[in-house]
Amino acid sequence: MRQSSELFFVSSNNHKFTEAQRILSNLGLEISLFKTTLEEIQSNSLSEIAKRKALDAYSKVQKPVIIEDDGLFIDSLDGFPGPYSSYVYDTIGNKGIMSLLEKIELRTAKFVAIIAYCNGDDDVQLFESSILGKISLSIEDGGWGYDPIFIPDGESKTYANVSDKDKFSHRSASLKKFSDWFMHTQLDSGL
Ligand code: ITT
């Protein structure tokens, strides 16, 4: 049975919302976008950043919210851009990442997604998943963000051109964890 609730996905990124909405809808959960730019603290910990984003989101919406914080961690760059992925994408972008990896053979990387749910001033639940992969040798066409340069393990194409990104993406894995928890705890308790 399709469950509906007043649950807001708070983000400045339409692409993230579109994917999250599709993934959660397939799991029977409907969300709405509350579009705004959230406070993003300087930290080496994605969890800390996600927690603060969720609290900021709740303070703005005053209703149950989820936020998502992602990071692309490149092994040969000691995990860079990691928690700084958004800033790095907006500054040096995929071309800059390619330049940093020029002549570097080790191109393994992982994409991490943390979903944070908040329904109160100090009530934050975190759901984390990651996917291993590598950085492509050239920038593919299509997709958004780092899609054109991230090849998930087991695939020959980047996220931009795989046939069903939702099936295995970092986002879908963490959203699945969240929805399992949310359906069994929050909706059952009548929220
Ligand atoms: P918020 O307003 O939700 O914070 P954001 O784009 O700043 O949006 P993040 O802080 O989580 O999001 O930034 C992570 C970066 O990684 C950002 O540049 C995204 O575009 C990129 N990214 C995250 N998931 C991605 C995906 O599935 N494919 C491509 N790029 C992705």
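Counting starts at 1 for both ligands and their atoms, in listed order. In this chain, residues are counted from 1 in sequence order.
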How about Asp122 and Tyr58: does a side-chain donor come under 3.5 Å of a side-chain acceptor?
no

Donor-acceptor pair between Lys167 and Ser172 side chains, under 3.5 angstrom:
no

Any non-hydrogen side-chain atom of Arg107 less than 4.5 Å from a side-chain atom of Leu101?
yes

May I ask you to decide if the ring planes of [X] and [Y] are parallel, tilted or perpendicular, using 30° and 60° as cut-offs?
X      : Y      : answer
His15  : Trp144 : parallel
Phe150 : Phe111 : perpendicular
His170 : Tyr159 : parallel

For ligand 1, list the protein residues that place a heavy atom within a distance below 4.0 Å of one of its atoms, sorted by chain and number.
Ser11, Ser12, Asn13, Lys16, Glu40, Lys53, Glu68, Asp69, Asp70, Ser85, Ser86, Tyr89, Phe111, Trp144, Gly145, Tyr146, Asp147, Lys165, His170, Arg171

